[in-house]
Amino acid sequence: NIHGKTISYEIWKGKSKVFASTFKAKPLKNEEVKMVVFGDVGTGNEIQRKIGDLVVKEKPQIVAITGDIVYNRGLVHEYDRNFYPYYNTTESQFMSSVPFFVAPGNHDLETRDLNKYKDALA
């Protein structure tokens, strides 16, 4: 039975390990689970930094984002600039140990023309 236990995992590409982390398995029957739910978070500004700090500080076991993960068009470079740095930093690999469930919003799907924007629909 793995309920409530910490599980280690690794991701390999060929013969090279590219990532390793841990997560906590399904909680025990009477154990509380902390979940943070929020949306409209992809601005890449100081407010985004404060939201990211609050989410990490709460130490949830699950994070759900209700849409508009990034602004303005859902391009790869917008995720790299406006989303990932707020939850995965050198000091805190938060996204590596907490499951994130995200739903795309209108800004994430704004650009659908892959001929014009090669990194659309990221």
Side-chain angles (χ1 to χ4, degrees):
N1 187 349
I2 64 170
H3 292 280
K5 294 185 179 175
T6 299
I7 308 297
S8 298
Y9 70 97
E10 300 173 344
I11 298 174
W12 290 73
K13 183 176 182 181
K15 294 182 179 184
S16 300
K17 181 171 39 174
V18 295
F19 184 79
S21 190
T22 61
F23 68 93
K24 190 171 179 183
K26 183 178 175 182
L28 299 170
K29 188 174 183 177
N30 296 319
E31 185 180 5
E32 290 185 6
V33 175
K34 185 182 281 189
M35 179 177 186
V36 174
V37 179
F38 59 106
D40 276 317
V41 297
T43 59
N45 62 20
E46 185 56 29
I47 293 170
Q48 174 70 14
R49 171 74 56 212
K50 289 178 182 179
I51 291 169
D53 290 347
L54 287 171
V55 170
V56 171
K57 184 179 178 181
E58 286 297 318
K59 298 180 182 174
Q61 284 101 349
I62 301 170
V63 173
I65 299 179
T66 60
D68 291 345
I69 306 161
V70 297
Y71 291 98
N72 283 323
R73 299 183 178 275
L75 306 175
V76 169
H77 75 273
E78 292 172 334
Y79 283 86
D80 290 342
R81 183 181 64 230
N82 295 354
F83 182 68
Y84 296 119
Y86 298 92
Y87 307 100
N88 262 357
T89 64
T90 305
E91 303 83 38
S92 169
Q93 295 294 308
F94 185 67
M95 289 183 77
S96 303
S97 59
V98 176
F100 272 62
F101 297 91
V102 299
N106 63 312
H107 287 280
D108 305 303
L109 303 173
E110 185 76 24
T111 302
R112 293 180 179 87
D113 185 348
L114 294 173
N115 291 317
K116 186 174 180 181
Y117 298 97
K118 300 292 186 208
D119 64 340
L121 300 174

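Put simply, F100 and V37 are part of two different groups of oily side chains (I, L, V, M, F, W, Y) that touch within less than 4.5 Å, one to the next. Follow the hydrophobic side-chain contacts under 4.5 Å out from V98 and you reach Y84 in the same cluster.
For Q61 (side chain) and K34 (main-chain N/O), a donor-acceptor pair under 3.5 Å exists by modelled atom type. D68 places a side-chain N or O within 3.5 Å of a backbone atom of N106 that can act as its donor or acceptor partner.
In this structure, CZ on F38 lies 8.5 Å from OG1 on T66, to the nearest 0.5 angstrom. Summarising the geometry, atom CZ belonging to F101 is positioned 7.5 Å from atom CE belonging to M35; distances are rounded to the nearest 0.5 Å. Between the CG atom of D40 and the CD1 atom of I51 there is a distance of 9.0 Å, given to the nearest 0.5 Å. With rounding to the nearest 0.5 Å, the separation of CG in N82 from CD1 in I69 is 12.0 Å. Put simply, CD1 on I47 and OH on Y86 are 11.0 Å apart, with the number rounded to the nearest 0.5 Å. The distance from atom CG of N45 to atom NZ of K50, rounded to the nearest 0.5 Å, is 9.5 Å.
Across E110, E78, H107, a single residue satisfies side chain to side chain contact (heavy atoms under 4.5 Å, CB included) together with Y71, and that is H107.
Looking at V63 and F94, their side chains come closer than 4.5 Å, going by heavy atoms from C-beta outward. Contact of the Y79 side chain with the D108 side chain is registered, since non-hydrogen atoms from C-beta on lie closer than 4.5 Å. The shortest distance between side-chain heavy atoms of L121 and L109 falls below 4.5 Å.
Here the closest heavy-atom approach between residue K17 and residue W12 is recorded as N-CE3, 3.3 Å. Pairing each heavy atom of I65 with each of G39, the nearest pair is CG2-CA, 4.2 Å.
Counting heavy atoms of neighbouring residues, nucleotides and ligands inside a 6.0 Å radius, atom CD of E32 does not exceed 12 of them.
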